[in-house]
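The block underneath contains the structure these notes are about, expressed in structure tokens.
Just so it is clear, the structure is predicted and the values come from calculations on it, not from any experiment.
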Amino acid sequence: MKKFLIWTQYYAPEIGATAIRLHSVAKELVRQGYDVSVVTGMPNYPKGQIYSDYRGRFYCCEEIDGIRIHRCWFYPAREVGLGRIFSYFFFIATTFPIYFFLSRRVDFIVAEVIPPTVGFGACIALPFKRTKLIVNVCDLWPDWLLRSGLLKPGVVSRLLRLINSFIFSKADFVSGVTQGIISDIKQNYSVSEEKLLFLPNGVDTELFHYRGPQIHNGKKLFVYAGNHGIYNWPIVIAQAAARLQAKRDDINFLLVGDGSQKREVVSFCRENNLTNVEFKAPVPIEEVASLYGQAYAAISTYKKGFHSRPAKIFPAMACGLPLVYSGEGEGAEIVKNANCGIVVPPEDPDELARAVEKLADDPQMAENLGNNGFNLVQREYSWSSIVKSWLADLESRLISR
């Protein structure tokens with residue numbers, strides 16, 4: 001039986017996109033006959049506070065869904081800044097001994113990037129092991145940070161590029177979550193096609209199943225479920241809600257999750273006395289499925305310059321919900337090509353409000369868009385089909401070497 005080791009700063013029971021994706025991949029690897037272990041930290045995302053069940057421990061080992069999970073304490077951080085950078089390095093320092101010990105006993109290592117420190121740490125250990133290293137890139141720093149304006153060209157961006165170049169040159173394979181990431185790695189870092197793998201976001205189609213748009217007591221609920229970070233730009237939902245409150249009493253918004261921009265969003269709603277926006281703290285993925293069962297539609301938002309294939313759109317599509325997508329890039333193209341929602345420019349509350357109204361006023365269109373998304377997910381985005389395809393690609397690359 002071949003063995004995988006996943007080294008990641010984010011993992012279940014955390015409920016961010018990275019944690020959910022990696023746990024879903026690990027479960028599917030186990031289901032397909034592989035032995036899987038994970039080295040990670042004590043769960044703390046997105047609040048930057050270690051979950052109560054894990055407090056007071058420096059190390060623990062547990063098994064979830066047939067996966068052995070080794071956890072080490074480290075310094076968590078909520079806000080972006082020096083504290084977050086310190087947290088990244090602290091994580092490497094505390095988990096590296098466990099990673100190094102286990103790495104020599106497996107066939108494949110998957111090092112999750114972000115943050116890039118994990119990929120760098122995995123490459124440092126390369127001379128001491130024979131396993132194949134797969135660097136999995138979900139966000140390419142500094143490339144998208146520069147495009148979105150969150151980072152200016154300078155010493156930091158050059159340093160991050162040097163780290164990336166080192167990681168990609170040392171890794172046996174580089175796996176990207178989006179085609180855009182793969183294209184950037186190939187063009188900006190001269191990584192050969194033979195080293196590149198594609199492992200996109202998917203969805204658990206057993207947990208998230210068809211419900212279609214729902215209307216309760218004449219109310220149409222638009223749900224945003226995910227991180228409230230600066231690159232997600234959820235403030236635009238509150239701004240759109242402010243434009244709709246005076247003229248629509250049949251449209252409500254529910255924002256589920258936490259993150260660095262949540263305080264700003266909550267403050268905006270209070271200052272503008274918005275009664276059509278509700279907030280809910282982060283919940284387990286099973287409860288997200290239940291919330292989608294009460295929704296009329298789902299919303300996904302991103303900052304300008306962020307060209308992602310967001311994980312949050314696929315559970316909504318699996319439930320047969322139409323999407324309102326405020327963003328650009330691969331996610332926007334998927335929604336457009338599948339005709340499963342309405343795409344509007346990022347950071348544009350007026351267009352977002354108009355799209356929400358259009359969808360609310362046409363239940364038949366909402367149902368049709370939802371059905372299109374459901375059919376696409378069933379064909380292409382179940383974890384079973386995604387992991388099976390990824391493994392086949394990996395094996396073919398190994399044979400050809």
**OP:** In sequence, state the C-alpha distance, the side-chain angles, and the governing distance for I342 and K358, and then conclude on side chain to side chain contact (heavy atoms under 4.5 Å, CB included).
**Re:** CA-CA 9 Å; I342 300 174; K358 183 177 181 180; 4.2 Å; yes
Subject >> Intermediate values then yes/no, side chain to side chain contact (heavy atoms under 4.5 Å, CB included), Q32 and L391 >> reply: CA-CA 10 Å; Q32 297 194 28; L391 286 170; 3.5 Å; yes
Original post:
Step by step, would you call V203 with M317 a side chain to side chain contact (heavy atoms under 4.5 Å, CB included)?
Top reply: CA-CA 9 Å; V203 63; M317 291 162 66; over 6 Å; no
**OP:** Check the pair L244, E357 against side chain to side chain contact (heavy atoms under 4.5 Å, CB included), reporting the backbone distance first and the verdict last.
**Re:** CA-CA 8 Å; L244 293 173; E357 275 198 290; 3.4 Å; yes
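Applying the 6.0 Å contact sphere to OH of Y51 captures more than 12 heavy atoms from other residues, nucleotides or ligands.
Looking at every heavy atom in both residues, A318 comes nearest to F374 through O-CD1, 3.2 Å. Contact detail for P115 and Y10: the closest heavy-atom pair is CD-CE1, 4.2 Å. When every heavy atom of L352 is checked against every heavy atom of S326, the shortest pair comes out as CD1-CB, 4.4 Å. Summarising the geometry of A122 relative to L133, their closest heavy-atom pair is CB-CD1, 3.9 Å, with the distance given to 0.1 Å. Heavy atoms only, all atoms of each residue included: G331 and P310 are closest at CA-CD, 3.8 Å. Across all non-hydrogen atoms, the minimal contact from L369 to P322 is CB-CB, 3.9 Å.
The pair K2-E395 meets the salt-bridge criterion, since a charged nitrogen lies less than 4.0 angstrom from a carboxylate oxygen. The existence of a salt bridge linking R71 and E62 is confirmed by a sub-4.0 Å separation between a basic side-chain nitrogen and an acidic carboxylate oxygen. Ion pairing between K388 and E28 fails under the 4.0 Å rule for side-chain N and carboxylate O. With respect to the salt-bridge test (charged N to carboxylate O, under 4.0 angstrom), the residues E328 and K304 do not qualify. D350 and R354 are not joined by a salt bridge, as no carboxylate oxygen comes within less than 4.0 angstrom of a charged side-chain nitrogen.
Here the SG atom belonging to C269 is positioned 10.0 Å from the CZ atom belonging to F253, to the nearest 0.5 angstrom. Between the CZ atom of R57 and the OH atom of Y59 there is a distance of 11.5 Å, given to the nearest 0.5 Å. To the nearest 0.5 angstrom, K219 atom NZ is 7.0 Å from D250 atom CG. Going from atom OG of S389 over to atom CG of L199 covers 9.5 Å, rounded to the nearest 0.5 Å. How far CG of N232 is from OG of S300: 8.0 Å, rounded to the nearest 0.5 Å. Within the model, atoms CG of L221 and CG of L254 stand 5.5 Å from one another, a figure rounded to the nearest 0.5 Å.
Judged purely by atom type and a 3.5 angstrom limit, K132 has no side-chain atom pairing as donor or acceptor with the backbone of D172. Although no hydrogens or angles enter the test, the distance criterion places no donor-acceptor pair under 3.5 Å between the side chain of K262 and the main chain of P234. Side chain of R263 to backbone of G259: no donor-acceptor contact under 3.5 angstrom is found. K195 contributes a side-chain N or O that, together with a main-chain N or O of F168, makes up a donor-acceptor pair within less than 3.5 Å. Between the side chain of Q261 and the backbone N or O of I235, at least one donor-acceptor pair lies under 3.5 Å. A donor-acceptor distance shorter than 3.5 angstrom exists from the side chain of S165 to the backbone of R161, with no hydrogens or angles considered. Here the side chain of K303 pairs no donor or acceptor atom with the backbone of I230 at under 3.5 angstrom. Here the side chain of R211 pairs no donor or acceptor atom with the backbone of G320 at under 3.5 angstrom. Formation of a donor-acceptor pair under 3.5 Å by the S103 side chain with backbone atoms of F100 is found in this model. Remark: the backbone N or O of Y11 is not paired with any side-chain donor or acceptor of T8 at under 3.5 angstrom.
Defined by atom type and a distance below 3.5 Å, a donor-acceptor pair is present between the side-chain atoms of S175 and W390. Judged by distance alone, the side chains of Q187 and S183 do bring a donor and an acceptor atom under 3.5 Å apart.
For the pair D35/S37, a side-chain contact is recorded, criterion being any heavy-atom separation below 4.5 Å from C-beta on. A 4.5 Å side-chain heavy-atom check between I185 and N164 finds every atom pair outside the cut-off. Side-chain contact between T40 and Q9 is absent, with no heavy atoms from C-beta onward closer than 4.5 Å. Contact of the V377 side chain with the Y210 side chain is not registered, since no non-hydrogen atoms from C-beta on lie closer than 4.5 Å. Looking only at side-chain heavy atoms (C-beta outward), L197 and V174 stay at 4.5 Å or farther from each other. Within the 4.5 Å cutoff, the side chain of V39 has heavy atoms near those of the L5 side chain. Contact of the C60 side chain with the Y54 side chain is registered, since non-hydrogen atoms from C-beta on lie closer than 4.5 Å. Between Q239 and E347 there is no side-chain heavy-atom pair separated by less than 4.5 Å.
Checked options F120, F96, Y99, F74; the residue passing with F91 is F74 (criterion: ring pair (Phe, Tyr, Trp, His ring centres under 6.0 Å)). With Y224 as reference, T301 is the one residue of V324, V265, T301 to meet the side chain to side chain contact (heavy atoms under 4.5 Å, CB included) rule.
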Show me the side-chain donor-acceptor pairs of residues 273-294 shorter than 3.5 Å, one per line, residues at least two apart or across chains.
residue	atom	partner	partner atom	Å
T275	OG1	Q245	OE1	3.0
N276	ND2	A241	O	3.1

Would you list the atom pairs, donor with acceptor, under 3.5 Å between side chains in residues 106-114 and any protein atom, with sequence neighbours excluded?
residue	atom	partner	partner atom	Å
D107	OD2	K3	N	2.7
E112	OE1	N136	ND2	2.8
E112	OE2	R21	NH1	3.4
E112	OE2	R21	NH2	2.8

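By the side-chain contact (heavy atoms from CB on, under 4.5 Å) test, F101 pairs with R105, sequence neighbours left out. The side-chain contact (heavy atoms from CB on, under 4.5 Å) test applied to N368 returns Q364, not counting sequence neighbours. In terms of the ring pair (Phe, Tyr, Trp, His ring centres under 6.0 Å) criterion, residue partners of F90 (sequence neighbours excluded) are, by chain and number, W73, F86.
The side chain to side chain donor-acceptor pair (under 3.5 Å) analysis of residues 309-322, with sequence neighbours excluded, yields the pairs Y302-K312, R309-E330, R309-Y381.
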